[in-house]
Structure formats: structure tokens, C-alpha cells
There are 2 protein chains.
Amino acid sequence: MAITIYDVARDANVSMATVSRVVNGNQNVKPSTRRKVLESIERLGYRPNAVARGLASKKTTTIGVIIPDISTSFYGEVSRGIADIATMYEYNIILSNSDERSERELELLVDHLGKQVDGVIFMSDSVSEEVRQEMSKAPVPIVLAGTIDIEEQFPTVNIDYEQAAYESVVKLIENGHKKIAFITGPLSRDINRVQKKAGYERALKEAGIEINEEYVFEVEDTYDDSYESWKEIQKIEQQPTAFLASNSTLAVGILNGIRDAGYSVPEDYEIICYEHSNLTRIVRPQLTSVVVPLYDIGAVAMRLLTKLMDKEEVESQQINLPYHFAERDSLK
Amino acid sequence: MAITIYDVARDANVSMATVSRVVNGNQNVKPSTRRKVLESIERLGYRPNAVARGLASKKTTTIGVIIPDISTSFYGEVSRGIADIATMYEYNIILSNSDERSERELELLVDHLGKQVDGVIFMSDSVSEEVRQEMSKAPVPIVLAGTIDIEEQFPTVNIDYEQAAYESVVKLIENGHKKIAFITGPLSRDINRVQKKAGYERALKEAGIEINEEYVFEVEDTYDDSYESWKEIQKIEQQPTAFLASNSTLAVGILNGIRDAGYSVPEDYEIICYEHSNLTRIVRPQLTSVVVPLYDIGAVAMRLLTKLMDKEEVESQQINLPYHFAERDSLK
DNA sequence: GTGAAAGCGCTAACAT
DNA sequence: ATGTTAGCGCTTTCAC
């Protein structure tokens with residue numbers, strides 16, 4: 001059996017309460033008794049039991065993180081931002097993958113809440129109705145990171161994807177393009193449909209360019225799917241001459257499709273994309289992109305959550321972080 | 001205040017013990033009472049408190065995962081393997097990043113153990129003496145994943161990196177190379193020094209090729225460092241003609257260095273590497289590589305941990321998974 | 001098949 | 001400054 005607070009109390013000739021006080025850094029302890037207790041703790045090798053502490057105090061210093069897939073560079077980077085700030089505020093993280101299955105997200109939410117987490121950071125490409133309901137009933141704060149909440153009901157940290165798409169397409173238009181394609185993951189996801197596609201369309205509309213649904217390529221969010229999609233794109237009679245890709249993986253798929261077919265970027269086609277990894281710098285030509293501050297999205301979301309858990313006032317619950325363009329070689 | 005087991009008991013006119021039994025699927029409950037209890041649970045919206053359960057039962061159904069950096073593709077993939085098997089066995093994961101700082105690893109170990117995890121999966125590039133001691137004292141099983149334990153003290157899941165390096169270099173030798181370089185992350189890490197470099201040297205020795213320390217390039221484990229290292233390599237009077245890279249990121253750094261300088265792969269230089277991401281398929285030419293089954297390493301480690309936690313017999317504590325070569329275009 | 005009761009190890013009033 | 005005590009919500013003997 002492990003050493004408990006009771007063993008320490010007896011060894012140091014004080015009460016459990018006093019031991020608890022020194023362990024928790026309470027100032028109401030005489031320096032000499034503190035020393036005595038610390039010595040007993042050291043000698044016996046006492047380690048507080050966080051589970052017992054959690055039950056008694058109703059705080060676990062643990063938060064839940066529900067994420068689509070930790071093995072992607074996008075979510076890996078966001079998670080690191082979350083984790084670093086969590087460490088700073090001495091929270092542990094329970095991390096679970098949802099694969100964006102709403103049903104699984106629901107299970108995980110219930111599961112994490114059952115573990116009495118003090119807060120939750122939720123990531124997904126859409127917030128389903130059932131998930132929204134469960135989150136509404138949650139007894140602890142929840143922050144969305146890199147996740148669109150069309151109802152703006154929950155605290156959220158993002159960039160303005162719509163504006164970024166708009167500005168990207170404006171660049172392409174300024175370079176003389178009129179046949180601009182948008183290659184994206186599933187449009188069932190709010191982030192793709194309500195934000196990125198909307199910005200793409202706004203730029204076209206503003207330039208008086210007719211929106212052509214044939215130029216919207218909806219694929220699975222994988223390199224291979226994007227690579228294959230090039231074959232479809234080539235079949236179109238009115239070939240697009242420029243691409244906005246909704247992430248670096250898709251952009252690289254198209255890029256390789258183009259180059260393996262013997263064409264050149266940016267001479268024959270220009271490409272711009274959202275950047276979610278260093279892939280954009282690794283390929284040739286390097287890709288001009290919207291740099292999404294993934295780490296910061298995670299870090300700021302976690303910081304916001306700490307404030308919410310501490311019941312501090314927060315000015316804004318819907319945070320949009322700045323982004324910038326990395327001008328590289330896939331635009332002329 | 002949330003609904004407790006006591007509320008359910010009263011509502012269903014049974015004792016707490018009975019509620020506990022139906023919640024835990026104990027068969028010693030009459031179907032009719034079970035139904036009654038289930039109905040109360042449903043109506044009141046009762047959710048078991050896992051913290052209280054953990055305190056009473058001394059099992060938290062949570063494991064600790066200590067990982068260098070979740071934002072790398074290597075560890076992201078391993079983690080996913082761990083997480084999927086953990087889900088299967090209904091364990092949650094507390095995930096923490098150590099950045100491979102031994103001091104931090106120690107803190108995390110103590111921290112996770114304090115949270116009463118039922119087991120730990122530990123990843124690092126070496127096992128320091130202090131960490132080894134703390135792990136030895138741990139009251140729960142610990143499994144190392146993708147991590148070399150030179151003392152073979154702890155259960156471990158890996159591939160035979162030494163043999164893989166050996167076979168890789170043999171391929172290069174068979175292609176006529178005698179000046180073969182090894183580009184690697186810090187040699188302070190056991191995995192690089194004791195395994196990969198050793199295999200590299202064994203192949204050379206066996207072929208009667210003199211080992212030249214000038215051909216061992218030790219860099220930080222980043223794309224940029226590897227890319228820059230090419231400039232150093234070029235200064236050598238006796239240029240190497242082939243490379244073994246200890247991971248895909250370093251391989252791509254060298255590859256781009258070579259190509260940006262106007263040389264060709266595989267015509268001027270050949271490259272082979274350990275594959276830790278799909279980068280090898282994305283770059284041109286695609287890289288011939290040793291495919292490391294990262295997901296499986298995580299999955300098997302977690303499966304092994306479940307057996308250990310259940311005190312099942314396990315035949316072997318040191319598991320080496322199979323690997324294979326992906327023959328692509330960076331070798332002639 | 002079901003209930004009573006004693007903890008699990010700690011925190012947090014409340015006394016003193 | 002320190003001690004006493006009542007829980008926190010559950011599991012787990014042990015009776016019946």
C-alpha cells in the first residue's frame with residue numbers, strides 16, 4: 001500500500017490538515033512545522049493521490065481534448081499549442097481522437113465529463129446538433145479551437161478563413177486569372193463551405209467573374225485523392241489556370257499531378273493554399289500560402305479556457321487570430 | 001449538484017450496491033430490478049463519477065503517455081496507434097510532451113503516477129539513469145514504444161533498426177558505392193548511435209570498406225539543418241556518392257540541397273532512408289526507404305500494456321516488429 | 001438477489 | 001497556527 005497523508009501526519013506528529021496545508025502551499029503553517037512535515041514527506045516518499053484530491057476538491061486539474069486525428073500535422077500542431085499552455089497552468093490533458101464522427105464526439109464528451117475534467121477543448125470540422133446540445137449541458141467550460149461554430153454559441157479561436165480565401169483569390173485575379181479552381185475537402189464541413197468557399201466566391205463575384213461550379217473540386221482530404229483529381233481536372237474543356245487549395249496536402253497533390261503530367265508551376269498554372277505544415281517549403285516550387293498559426297490557435301484556446309475555468313472576465317469569446325501570406329514560388 | 005448513485009438508489013427503491021451492480025454489468029441482479037434501475041438512471045440522467053470510482057476501486061482506466069513531441073509525424077502516428085487500441089480496451093490517455101528533456105520526463109512520470117494511471121507508455125530517444133530508476137519504482141506497468149532500452153530492462157516495442165540500417169547500406173554497396181554517408185540526428189540518442197549507426201558500420205565493415213567518420217553527419221533533427229548540411233558535405237574533398245538518412249525529414253533536406261545545387265538523384269547521388277511520413281512519396285524523385293510501421297509500434301505497445309495491466313502472461317517483453325523496403329526512385 | 005456499512009485518500013469548513 | 005470531522009461518490013466485503 002502506498003504512503004498516504006495519514007502516514008505522514010503520524011510520522012511528523014501533526015494532523016492531516018497540516019500536512020494538506022504544506023502540500024498545498026498554504027501559508028498558515030509555522031516554518032518549523034512545515035520543515036518537519038516536508039522532512040517526513042521526503043523520508044517516506046509520500047506522493048499525493050490526485051484522484052482522492054479530485055474527489056474531495058471537485059477539481060481534477062485535467063482538461064479534455066477532443067480532436068479529429070492526432071496524427072495529422074494540422075491537429076498535431078494545434079495540440080502542441082494546447083499542451084504547452086496547459087503545462088504552464090499545470091493542467092493535464094486527456095486526448096481522444098474522434099475521426100470527426102459526430103456520434104463518437106458525443107461519446108467522448110460524455111466520457112471526458114464523466115472523468116470530471118475541469119474544461120474541454122473541442123475540435124472538429126462542424127458542430128453537429130447532438131454535440132451542440134451535449135456541450136450546452138456541460139457543467140464545465142468548453143472552447144472550440146480551429147473549429148467553426150455557425151451559431152457562435154461557444155467560445156472559439158480561429159483565423160478569418162473567409163477573408164484569407166478572399167485575399168488569396170484576389171491575388172490570383174490580379175495575376176490575370178479568370179478561370180480559378182478551388183480544391184477542397186468535403187463541403188459538408190462548415191469550415192470548407194461557410195468559410196473558405198464563401199471567400200473564394202466573394203472574390204470572384206467582386207471581380208465580375210462568373211462562378212462556375214465545375215471549378216470546385218471536392219475531394220477526400222488526402223494527398224492521393226488530390227493527386228488523382230488532377231486527371232479529372234484535365235478533362236474539363238475550359239481548363240482552370242490557377243488553384244486555391246484548402247490546405248497544403250491538397251495543394252501538393254495538385255502540384256505533383258501537374259508536374260508529373262509535364263506542366264509547370266507557376267508558368268502553366270499558379271497555386272496558392274492554406275498552409276498547415278512545412279510541406280509548402282519542402283516541395284519545388286515552394287508554395288505561396290496563407291500561413292495559419294496552428295500552434296497559436298491551440299495556445300490561445302487553452303489560455304481562454306483557463307480564464308473561463310477561473311471564472312475570469314473575458315472581453316471576447318470569438319477570437320480571430322491574425323494570419324499572413326508567405327510569398328513563394330507558385331505565383332508569378 | 002450532479003446526480004449521484006445515491007439519488008438513483010432512492011429513486012429506484014434499491015440500495016446503492018444494487019445500482020453499482022447494474023452500472024458495472026454485474027450479473028447478480030434480477031432482470032426486473034435491473035430494468036427499474038436502468039429506468040431511474042435514464043430519467044435522472046445519472047452519469048457515474050469516474051473519479052469516485054477510481055478512488056474506491058483503485059483503477060482509473062487511464063494510462064499515461066509520455067512523448068517527446070506530439071506535433072511530429074513520427075510521434076503523431078505512434079500515438080494514433082496507441083490511442084486506437086486504448087479506445088478498444090476502454091482506456092483514456094493522458095498525453096504529455098517531454099521534448100526529450102530527461103528532467104521533464106521525470107516530472108511527467110511522477111505527475112502521471114500521482115494521477116493514478118493504470119499504466120504508462122514511454123517514448124524517448126534514450127532512457128536516462130534517473131528515468132530508469134523512477135520507472136523501476138513505479139507501481140504500474142510501463143512499456144517503451146519506439147524507444148531503445150540498452151539494458152533491456154523494460155518491455156519494448158520496436159523494429160530492428162540496426163538490421164534495417166545494415167540492409168540499407170548493403171543495397172547501396174551493391175549499387176557500387178564505396179563512399180557512403182550517414183546523416184543522422186544527435187548521436188547522443190541511443191537509437192541513432194547504438195542502432196542505426198552500428199548497422200551502417202557493420203555493413204561497411206563486412207564489405208571491407210573503411211569507416212570514415214567524416215562521412216557521418218550529425219545534425220539537429222530538422223529539415224532546415226539537413227538542408228544546410230549539404231553545404232558542409234560539398235566541401236569534403238572525397239565527396240560521398242550515396243546517403244543513408246535516419247529519417248525522411250533529413251533525407252528530404254539532403255535531397256533538396258542536392259537538387260537545388262543542380263545535381264540529380266539518383267544519377268549523381270543515391271539516397272535511402274527510414275520512412276516516418278509520406279514525405280518520401282511526395283518529393284521527386286520519390287525516396288526508396290525502410291518503412292517503419294509507426295502505427296503498429298504504438299498499437300502493439302498498447303496491447304502489450306493491457307496484458308501487463310491485466311497480469312496476463314506475455315511470451316516476450318522485447319518485441320521487434322517486421323519492416324519492409326519501399327523501392328522507389330532514389331536508388332538506381 | 002439485495003442491503004448495510006466500511007472505507008478509498010484527500011479537502012474544507014469549523015473549532016480552538 | 002493547528003486539529004477535528006464530515007464528507008466527496010463510489011466499490012466491495014460481508015451478511016442475510
Side-chain angles (χ1 to χ4, degrees), chain A residues 1-38 40-41 44-62 90 110-111 113-118 139-140, chain B residues 1-38 40-41 44-62 90 110-111 113-118 139-140:
Chain A
M1 204 72 271
I3 309 298
T4 75
I5 200 171
Y6 178 73
D7 299 316
V8 176
R10 205 177 23 168
D11 185 83
N13 254 304
V14 297
S15 71
M16 290 164 56
T18 298
V19 178
S20 177
R21 286 188 187 99
V22 347
V23 168
N24 292 295
N26 186 317
Q27 285 310 304
N28 292 336
V29 182
K30 192 161 37 155
S32 68
T33 42
R34 173 186 307 282
R35 209 164 19 251
K36 200 171 53 174
V37 170
L38 252 17
S40 292
I41 287 178
L44 301 178
Y46 167 71
R47 303 276 177 214
N49 178 326
V51 173
R53 187 191 299 219
L55 182 59
S57 69
K58 302 190 162 306
K59 302 178 99 284
T60 54
T61 61
T62 301
E90 309 204 89
V110 171
D111 180 24
L113 259 14
K115 294 251 167 164
Q116 312 303 116
V117 294
D118 297 333
V140 297
Chain B
M1 205 70 276
I3 309 297
T4 73
I5 200 172
Y6 178 73
D7 301 316
V8 176
R10 205 178 22 172
D11 185 85
N13 255 306
V14 296
S15 71
M16 289 165 56
T18 298
V19 178
S20 176
R21 287 189 187 97
V22 348
V23 167
N24 293 295
N26 186 316
Q27 286 310 305
N28 292 335
V29 181
K30 196 166 25 161
S32 67
T33 43
R34 174 186 306 282
R35 209 165 17 254
K36 199 170 54 173
V37 170
L38 252 15
S40 292
I41 288 178
L44 301 178
Y46 167 71
R47 304 274 176 216
N49 178 326
V51 173
R53 189 192 299 226
L55 183 58
S57 69
K58 302 191 161 307
K59 302 179 98 288
T60 53
T61 60
T62 300
E90 308 204 271
V110 171
D111 180 24
L113 259 15
K115 294 251 167 164
Q116 312 302 117
V117 295
D118 297 334
V140 298

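Throughout, protein chains are lettered first and strands after them, A, B, ... in sequence-line order, and every chain is numbered starting at 1. Just so it is clear, the values below take in all heavy atoms, side chains as well, and ignore hydrogens, waters and symmetry mates. Just so you know, these numbers come straight off a predicted model, no measurement behind them.
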(Q) Check this one for me: any side-chain N or O of B:T4 less than 4.0 Å away from OP1 or OP2 of D:dG9? (A) no
Q: Please report the C-alpha distance between B:N49 and B:T4 in whole Å, then the side-chain angles of each, then the deciding distance to 0.1 Å, and finally whether the side chain to side chain contact (heavy atoms under 4.5 Å, CB included) criterion is met.
A: CA-CA 8 Å; B:N49 178 326; B:T4 73; over 6 Å; no
Report each atom pair, protein N/O against N/O of nucleotides 12-16 of chain C, whose distance is under 3.5 angstrom.
none

Q.
Is there a side chain to side chain contact (heavy atoms under 4.5 Å, CB included) between B:T33 and B:V22? Walk through the geometry before answering.
A. CA-CA 9 Å; B:T33 43; B:V22 348; over 6 Å; no
Q | Atom-to-atom span, CD1 of B:I5 to C1' of D:dG9 - whole angstrom | A | 8 Å
Q: Report the distance from atom NZ of B:K59 to atom C1' of D:dC10, rounded to the nearest whole Å.
A: 15 Å
Q | Rounded distance (nearest 0.5 Å) linking atom NZ of A:K58 with atom CD of A:Q116 | A | 7.5 Å
Q | Stepwise side chain to side chain contact (heavy atoms under 4.5 Å, CB included) check, A:Y46 with A:D11 | A | CA-CA 11 Å; A:Y46 167 71; A:D11 185 83; over 6 Å; no
Q. C:dG1 P sits how many Å from B:Q27 CD, rounded?
A. 10 Å
Q) Just checking A:V23: base, sugar-phosphate only, or nothing, at a heavy-atom cut-off of under 4.0 Å? A) nothing
(Q) Using OP1 and OP2 only, check whether a side-chain N or O of A:N28 sits under 4.0 Å from D:dT2. (A) no
Q: For B:A52 and for A:R53, find the nucleotide of DNA chain C with the closest heavy atom, then tell me which residue's nucleotide is more 5'.
A: B:A52
Q.
Taking only side-chain N and O atoms of B:T18, does any of them lie within less than 4.0 angstrom of OP1 or OP2 on C:dG3?
A. yes
Q. When all nucleic acid strands are considered with a 4.0 Å heavy-atom cut-off, which category describes B:V51: base, sugar-phosphate, or nothing?
A. nothing
Q: Would you please confirm or rule out a distance under 4.0 Å between OP1 or OP2 of D:dA1 and any side-chain N or O of A:T33?
A: no
Q.
Pair A:V14, A:R21 - check side chain to side chain contact (heavy atoms under 4.5 Å, CB included), show working.
A. CA-CA 11 Å; A:V14 297; A:R21 286 188 187 99; over 6 Å; no
Q: Kindly say if A:N49 contacts the phosphate of C:dC8, meaning a side-chain N or O under 4.0 Å from OP1 or OP2.
A: no
Q) Can you tell me if the side-chain N/O atoms of A:K58 get under 4.0 Å from OP1 or OP2 in D:dG9? A) yes
Q | Length of the line joining A:N26:CG and D:dA1:P, which is rounded to integer Å | A | 9 Å
Q | Whole angstrom value for the distance that separates P of C:dG9 from CG of A:L55 | A | 12 Å
Q | Length of the line joining A:Q116:CD and D:dC10:C1', which is rounded to integer Å | A | 11 Å
Q) How many angstroms lie between OG1 in A:T18 and NZ in A:K30, if you round to the nearest 0.5 Å? A) 10.5 Å
(Q) If I take atom NZ in residue B:K115 and atom P in nucleotide C:dG9, what distance separates them, rounded to the nearest angstrom? (A) 18 Å
Q) Rounded to whole angstroms, how far apart are OH on A:Y6 and C1' on C:dC10? A) 15 Å
Q) Would you say the side-chain atoms of A:K115 and B:T62 include a donor-acceptor pair closer than 3.5 Å? A) yes
